[in-house]
Each structure stands twice: as C-alpha cells, then as structure tokens.
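Remarks on the structure that follows.
Every number for a ligand or one of its atoms is a count from 1 in the order of the listing.
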Amino acid sequence: MKKILVANRGEIAIRVMQTAKKMGIKTVAVFSEADRNAPHVRFADEAVCIGPPPSNQSYLLGDKIIEVAKELDVDGIHPGYGFLSENADFAEAVEKNGLIFIGPKSHAIRIMGSKLAAKEAVKKYNIPMVPGIDEAITDVDKAHVIANEIGFPILIKASAGGGGKGMRIVDKEKDLESQMTRAISEATSAFGDGSVFIEKYVTSPRHIEIQVLADTHGNILHFFERECSIQRRHQKVVEEAPSSILTPELRNEMGEAAKKVAEACDYVGAGTVEFLMDADHNFYFLEMNTRLQVEHPVSEIIAGVDLVELQIKVARGEKLEIKQEDLKIHGHAMELRVYAEDPLNDFLPSVGNLERYRLPVGEGIRVDNGFEEGMDIPIYYDPMLSKLITYGKTREEAIALMIKAIEAYEVAGVQTTLPFGTFVMEHEAFRSGNFDTHFVKDYYSPEAILQNNEQGARIAAMVALQHYVSDKKIVRLPK
Ligand code: MV4
C-alpha cells in the first residue's frame, strides 16, 4: 500500500494520516468547501475538494470519493469513524473498484448493523446475552406473554437502532401495548425498518467494551476493555482503560467472548464489542461496532499498540505477529472528549471563532486534535474539537494529570466541555469507581460547574489582592 485516502475530517483524519506517514504511505485528504483551510487538508500530501459543506453533499458521497481515489492512484481508503465507516454498500463499492477498504468486509458490517442479525450470528457461540427474544415482534398478545416471562421492567429496542434511538423502557404491563406501538412507528420513520424486539431492562448498567482486532488468517486478538459509562444522552464524554471494576478473570472472560463475536461474523480489522455489566458484574453482549472508535487511544496507550498501523497491516493481508499471551496492561489512560458545547446551557453547540486555542503538552498527555487558533468551528459537523488523553501508572495519576491538563488547555471564543471534565474528575462517585451509565443524569447540574467557577474566582481575587498589597509595600519601602 503506497497511498491511502482518508474519507474523513478533523482529528481522526489527522490521526490516521500520522500513522500512514510513519509507515511511509502517502496520504490523500478529501474536504468540503467548509474545510478548505482545515488542518487535515494541510496535513495530507494531496487534497481534493469533494463538494459543499453539508455532509450529504461531501463526506457522505461514497461514489465521488471512490472516483477521486481512482484518479489519484490510491490503494486503500480509511473511513475513520462516523460518515461512511459503517456503510456496508460503501465498503463493498470500494472493493468492487479494486481498492482496499481499511476495515471489515461488507458482510460483517451488514450483520452487525442489525441487532437481530447480530444476535442470530452469535447464537451458537455461547455469548452471554440479556434475557429476551431474538426475533422481530409485531403481535401484541405475543409480546405480553414474552414480557411476563422475562419480567418487568423490559426494554423494547429497534433492530436497526443505534445511539439509543427507538428504545422504550416499559415498567408495567399496562403500558406495553402503547409503548410497543410507539417503538414500531419510531423505528419505521427513523430507520425505514419497524422491526423491534424485547429484552430485560438492566436498570443501572455500566457500559464496558472490548477492543478486538482480526487478521485475514484467522487470528483474533483483544486489547482489553474500555469503560465508557460516563455518557450523556448516549454521547460518551469520558472513557478510560482499564475499567476499575474488572478482575483479571472477568477481563479474560469478556475478552474471549468478544473474540467469539468477531469470529461469528468473520471479522477482519479493528472492531469493538459492547457489553452491559449489571450491579452483580454479570456481563451481556450488546452490539458490535465495526469501525475504529473515537476512544481507541486509551486502548493504544494501555496495550502499547498503534491500532491504525495494525488496521493497515491486516488490510494488506499481513499476519498478526502479536500473541494474546504477550499482551499486558501498562498503567491507566483517561480520555475527555472536548466538545464546543456549553455545559451551562444544556450542552448546546457553541460554535464560533477559536480566538485563543492552546493545547496542553507534557509527559503523560496526548491530544488528538483537529483545530487551531483563529479557526471558525463549522456548524455542519460534530462539534468535537479534540480528545484530551492522559495516562500514568495508576488511575489516580491519570485523573490528577487530567485535572492539570484541563487547566492548561486554553480556549477562548467558544464554550467547551472542559469544565465538565473537571466536574467528573473531581466527583467522589467517579473517583471511587462507583458509577454507572446514569452518572451524568444523577449528579450533574450546571450549578456544580458554577460553584467551581466561583471558587476559582475567589482564589483569583485573593491572589490579586495579595499582589496589590505586596506591591504597595514595595512602593513604600524607604530608600
Ligand atoms: C440496554 C440497557 C439496559 N438494558 N439494554 C443504549 C444504546 C444501545 N446501544 C443500548 N443501550 C442500552 N441497552 C438492556 N437490555 C441500557 C442501555 C443504555 C445505555 C447503554 C450503554 C451506554 C449508555 C446507555 C445509556 C442508557 C441506556
């Protein structure tokens, strides 16, 4: 592979190109008119404008991107995350055009894109699953029988769903019919597929996922877990590795289960197997994400690997040389997603100009960044500015360093989730490791940040006063 095209923008496009450069591979960026001056465009060896700002006229135009790739003699396409990364038709079209898709085969993407197909595929592999059914259900009478068997509360899920869309919790039998009707109509309008199924609702789960990687020779590895329970409305905000609640035995069990999920769909490349973990530490397979994820850096740090490099190697057909037994966890890594969103105003996007933008640097700090000072933040895309990642020998060290790095991160012109990060890092429930997916809903309110600000303002006022007083003394000193 001599040249790859990165079908993405922002920090992930740069992240992928960095590894390509390290491997001596030329890079091609694609960009929309809104990204003409974006850092990912300048970072690439070549760059091609593919259309107007809206993603459906640029970054989502698979055929156009393939055309550009062929014109520039590209060998492989890396899709990053989001956009075309989990589009089975695109993966197929890339291969049909004689290019390498740096990711799994369309077959695996298709299976895992449907929750019911995924359940069906892993059935024979003895993977723990939440009690429930593995078929679409439309008959309300049948739903009553099943729900009573499982026991309330239950959860109705859309097979084609994602990010919590089309999910409905049903606490009592009398709500079953109305909620089912709503779930089906929601799924139909959102995904064009009204298939829903029923599961036992796990009330206070943790979200723990396993990073896997498979080559084309039948070797599958796992790179341990990521703890992703700190999320807000299905949007992850803080991720870490390892999880503070897994024992080596549990980690091994989950890792082996994740590898079986990958095997079940003939997986190739980097992927993530998501699990729910209940209060008694029972784990259940939820779904598989067939892409490189936003939070992959925390796994890279603790496992000591470059996941993009491994993705490229297996896409070239190379055999994985690492053995599972050789992998071990080094230290602890923490990631905060830095969004241009206002945590004081319901996390609404806070777009505008980055009047000041300085990243923290130092030992134990990695920032995967896609922006620079003076840039306008485009309104067309996800407002994530960067990922602030810290690591140390222990979880405590990674947390302490995260607090310092947030302080050193300078942003003016827009509001960001940085102060929200401080709130999480300082929270007792987070520090003790005793939290679940309800953390933000249970503990966060804007007042928590305002209190922090007020404390900061008070300290600043005291320091200023002290300076003032000592200055006066100096002025008054007799000669
Ligand atoms: C669940 C669940 C509880 N019980 N399934 C949310 C998105 C989708 N990927 C699956 N999700 C959930 N499925 C059962 N049977 C709770 C969630 C859930 C959740 C999962 C992971 C991370 C954050 C979450 C927030 C709310 C609900």
>> Go through it in stages, so that I can follow the logic: the residues are Lys200 and Glu149, the test is salt bridge (charged side-chain N to carboxylate O under 4.0 Å, His left out), and I'd like the CA-CA distance, side-chain angles, deciding distance and then a yes or no.
In response: CA-CA 10 Å; Lys200 172 87 190 159; Glu149 262 172 35; over 6 Å; no
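- Which parts of ligand 1 touch Glu199 is read off a 4.0 Å heavy-atom cut-off, strictly below it: atoms 5 (N), 14 (C), 15 (N).
- In this structure, Lys157 counts as a contact residue of ligand 1, since one of its heavy atoms falls inside 4.0 Å of the ligand.
- Judged by distance alone, the side chains of Glu397 and His332 never bring a donor and an acceptor atom under 3.5 Å apart.
- Aromatic ring pairs are classed by plane angle as parallel below 30°, tilted from 30° to 60° and perpendicular above 60°; the pair Phe420 and Tyr444 is perpendicular.
- Ligand 1 places these atoms under 4.0 Å from at least one heavy atom of Lys200: 4 (N), 14 (C), 15 (N).
- Residues Phe439 and His427 place their aromatic rings such that the two centres sit under 6.0 Å apart.
- Shortest contact from atom 27 (C) of ligand 1 to any protein heavy atom: His234 CE1, 3.7 Å.
- Inspection of the Ser229 and Glu227 side chains reveals an N or O donor paired with an N or O acceptor under 3.5 Å.
- If you check which protein heavy atom lies closest to atom 11 (N) of ligand 1, you get Met167 SD, 3.6 Å.
- If you check each of Val202, Ile198, Ile230 against atom 4 (N) of ligand 1, the one with the closest non-hydrogen atom is Val202.
- For atom 10 (C) of ligand 1, the closest non-hydrogen atom of the protein is Leu286 CD2, 3.8 Å.
- Listed by number with element, the atoms of ligand 1 under 4.0 angstrom from any heavy atom of Tyr201 are 3 (C), 4 (N).
- Interface of Leu276 with ligand 1, defined as ligand atoms under 4.0 Å from a residue heavy atom, comprises 1 (C), 2 (C), 3 (C), 4 (N), 5 (N), 14 (C), 20 (C).
- Among residues two or more places apart in sequence or in another chain, the salt bridge (Lys or Arg N to Asp or Glu O under 4.0 Å) test is passed with Lys172 by Asp175.
- The residue from Glu239, Gln211, His207 that alone fulfils the side-chain hydrogen bond (donor to acceptor under 3.5 Å, both in side chains) condition with Arg226 is Gln211.
- Considering backbone and side-chain atoms alike, Leu155 places every N or O at 3.5 Å or more from each N or O of ligand 1.
- Between Thr437 and ligand 1, no N or O atom pair is found at a separation short of 3.5 Å.
- A salt bridge links Arg9 and Asp35; the closest N-O separation between the charged side-chain nitrogens and carboxylate oxygens is under 4.0 Å.
- Among all protein heavy atoms, the one lying closest to atom 25 (C) of ligand 1 is Gln231 NE2, 3.4 Å.
- Side-chain N/O atoms of Tyr357 and Tyr409 include a donor and acceptor closer than 3.5 Å.
- Nearest non-hydrogen protein atom to atom 8 (C) of ligand 1 is Glu287 OE1, 3.8 Å.
- Short contacts between ligand 1 and His207, defined as distances under 4.0 Å to a heavy atom of the residue, involve ligand atoms 21 (C), 22 (C).
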